[in-house]
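To start, the structure itself, in structure tokens.
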There are 2 protein chains.
Amino acid sequence: METPDADRDVVEGQQPPSARVPLSRDRILEAALTYIESDGLPGLSMRRLGAVLGVEAMSLYRYVEGREVLLDGVVESMVASMEFDPDVLQEPENGWQDFLQRLAHGIRRVALAHPKAFPLVASRPTEAPWLRPPLRSLRWVEYFLAGLTQEGFSDTAAVRAYRAFTSFLLGHLLLEVTMLGADLGPLDVIEEDDDASTADYPTAHRMRHALRENHAAAEFEEALEELMNRLALIRSES
Amino acid sequence: METPDADRDVVEGQQPPSARVPLSRDRILEAALTYIESDGLPGLSMRRLGAVLGVEAMSLYRYVEGREVLLDGVVESMVASMEFDPDVLQEPENGWQDFLQRLAHGIRRVALAHPKAFPLVASRPTEAPWLRPPLRSLRWVEYFLAGLTQEGFSDTAAVRAYRAFTSFLLGHLLLEVTMLGADLGPLDVIEEDDDASTADYPTAHRMRHALRENHAAAEFEEALEELMNRLALIRSES
DNA sequence: ACCTGAACACCGTTCAAGT
DNA sequence: ACCTGAACACCGTTCAAGT
């Protein structure tokens, strides 16, 4: 197995500083995101990120205050990327179900586009405890609540919907990207002990093929549909 | 603000080695768990963990193969701790709803007992992609599937229930402990910018009080009830 | 058998110095 | 204005050496 990583830093690093694209916060965040996606979060260090950008680690501190802030920035940029998704960002026109479904699919697209980085969206502490992942910004919370209000949700119904919607998304997407990330992960994984491992567990053994099937997309749709029914109840009740 | 941490290592460290409780894998895992719970995961290093146990970091490598394995062990011990919960571990007697509810509550108790460490249960890669958090072990998956089978679930219905059950738990519990962890977190947190922060977001501003309320327990029960209804459908359908 | 000291390679971060 | 070299305190981990 070759190590094609070795010359990646050179690609940018070999040009003299004057000829390089100047550093910027956005360029750093973008590089960090693609680094995480290709090499995993644990491998990301300020020094290696600097190398990718053809610069010493210390230069990064001109643009980001430190590693923690860098990761917060990466999360923020992922969440913000939905703002340019034309399918997501439009007021409700075809009812609140359509509104929420477009939003849910938009977030799912972001998660699937960045399976290795998405767990950060799920687990980094938010600015306030009521800014729940994966919506994490006041901006998106406002968008969510305003949309539902406009569609006839009372204040308490909208807040209940917000809570139900976020836990739904978090559970489904985190599990989906975890399964993806594991598959895309280190390739030296133990290959398919399949039957052997489940030998002592008869029920799991019997269902081992069904357990391995991946119906993530269909499950997501189904559970989303179910959530909509629940929200319809909440809407009419409170 | 004082630093009461300073003498904690001494408490164990001051006794001569001969008088100390001998090191063991379990003792190390337990110390790691309480360390995470009191100081947070980022603060946990092999060196500091050694100090807590009155020992040099290098000694730990006799019992755990490295830091990654240590964290896996902590997760494993949390998941395994449910096996000693008498309310959880008994075959279904009062129907599958009761069976699943006891299991769900048991996992929730573990999560709430270790809010800072539980995110590890959610995000550490499992041994196989179909061993879904927060059930993570073949043991628990077998327990789950066997229980449902015994209660009249077909194989495909049991597997579908397994998927729905795990994403439900993951979403709810991760959000719940994240909110807890944030509150228990560093106390130098910015205190209550309350109204100020939401000023530019009228809907969120209007609902700011409702948004701050914590109904985690009630929401959990409600969503669990809803899940049961969905599983009843799955049971009768497939 | 169990623990340690010294060492290595790697971190995040600061700051005075270079251009 | 922007980047770097050198330095500091801290990591995980290995291994020969101590008791």
Side-chain angles (χ1 to χ4, degrees), chain A residues 3 5-6 8-29 31-32 35-36 39-75 120 124 186 188, chain B residues 3 5-6 8-29 31-32 35-36 39-75 120 124 186 188:
Chain A
T3 152
D5 298 326
R8 187 183 39 191
D9 5 351
V10 180
V11 168
E12 291 234 21
Q14 71 193 158
Q15 296 154 63
S18 52
R20 286 193 308 244
V21 185
L23 230 42
S24 76
R25 191 163 204 276
D26 278 347
R27 228 164 72 79
I28 292 173
L29 293 182
Y35 191 102
I36 293 172
D39 285 35
L41 177 61
L44 178 70
S45 73
M46 298 299 275
R47 290 167 134 105
R48 288 217 261 256
L49 183 57
V52 167
L53 290 162
V55 108
E56 299 298 316
M58 307 79 200
S59 312
L60 302 177
Y61 287 84
R62 291 248 149 222
Y63 305 90
V64 300
E65 296 82 336
R67 188 174 193 267
E68 292 300 284
V69 177
L70 171 73
L71 294 180
D72 286 337
V74 169
V75 167
L120 287 174
R124 287 242 118 202
D188 50 358
Chain B
T3 153
D5 297 327
R8 187 183 39 194
D9 3 353
V10 180
V11 168
E12 292 234 20
Q14 72 194 157
Q15 297 153 61
S18 51
R20 286 193 308 245
V21 186
L23 229 43
S24 77
R25 192 163 204 276
D26 278 347
R27 229 165 72 78
I28 292 173
L29 294 183
Y35 191 102
I36 293 171
D39 286 36
L41 177 61
L44 178 69
S45 74
M46 298 300 276
R47 290 167 133 106
R48 289 217 261 255
L49 183 56
V52 167
L53 290 164
V55 109
E56 299 297 317
M58 308 80 200
S59 312
L60 303 176
Y61 287 85
R62 291 247 151 223
Y63 304 90
V64 300
E65 295 84 334
R67 188 175 194 266
E68 291 300 285
V69 176
L70 172 73
L71 294 180
D72 286 337
V74 169
V75 168
L120 287 174
R124 288 242 119 202
D188 50 358

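We name chains A, B, ... by the order of the sequence lines, and we start the count at 1 in each one. Owing to the predicted nature of the structure, the values given are computational and were not obtained by experimental measurement.
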Quiz prompt | Runs of at least three consecutive pairs that involve DNA chain C, where pairs are Watson-Crick or G-U with distances under 3.5 Å | solution = C:4-8 with D:12-16, C:12-16 with D:4-8
Quiz item: When rounded to the nearest 0.5 angstrom, what distance separates CZ in Arg124(A) from CD in Glu68(A)?
Solution: 4.5 Å
Exercise. Mind checking the CD1-CZ spacing from Ile28(A) to Arg62(A)? Nearest 0.5 Å is all I need.
Key: 11.5 Å
Practice problem: Take atom CG of Leu44(A) and atom P of dC10(C), then tell me their distance rounded to the nearest Å. | Solution: 16 Å
Exercise. Let me know the distance between CG of Leu41(B) and P of dC11(D), rounded to the nearest Å.
Key: 13 Å
Quiz item: Which residue, Leu71(B), Asp39(B), Val52(B), forms the side-chain contact (heavy atoms from CB on, under 4.5 Å) with Leu44(B)?
Solution: Leu71(B)
Quiz item: Just how far, in rounded Å, is C1' of dT4(D) from CE of Met46(A)?
Solution: 15 Å
Quiz item: Taking for each residue the nucleotide of DNA chain D bearing the nearest heavy atom, is the 5' side occupied by Arg48(B) or by Arg47(A)?
Solution: Arg47(A)
Practice problem: Determine the minimum heavy-atom distance between Leu23(B) and Ser59(B), stating which atoms define it. | Solution: CD2-CB, 4.1 Å
Practice problem: May I have the distance from Arg25(B) (atom CZ) to dC2(C) (atom C1'), rounded to whole angstrom? | Solution: 18 Å
Quiz item: How long is the line joining CG of Asp39(A) and P of dC10(C), in whole Å?
Solution: 15 Å
Quiz item: At their closest point, which heavy atom of Gly66(A) faces which heavy atom of Met46(A), and how far apart are they?
Solution: C-CE, 4.3 Å
Practice problem: Provide the closest heavy-atom pair for Gly50(B) versus Leu60(B) in the form atom of the first, atom of the second, distance. | Solution: N-CD1, 3.9 Å
Self-check item: side chain to side chain contact (heavy atoms under 4.5 Å, CB included) evaluation trace for Leu120(A) with Ile36(A)
Solution: CA-CA 11 Å; Leu120(A) 287 174; Ile36(A) 293 172; 4.1 Å; yes
Exercise. Enumerate the residues from residues 56-71 of chain A whose closest heavy atom to DNA chain C is under 4.0 Å, giving them by residue number; use none for an empty result.
Key: Met58(A), Tyr61(A), Gly66(A), Arg67(A)
Practice problem: Under the side chain to side chain donor-acceptor pair (under 3.5 Å) rule, collect the residues that match up with Arg48(A), sequence neighbours excluded. | Solution: Tyr35(A)
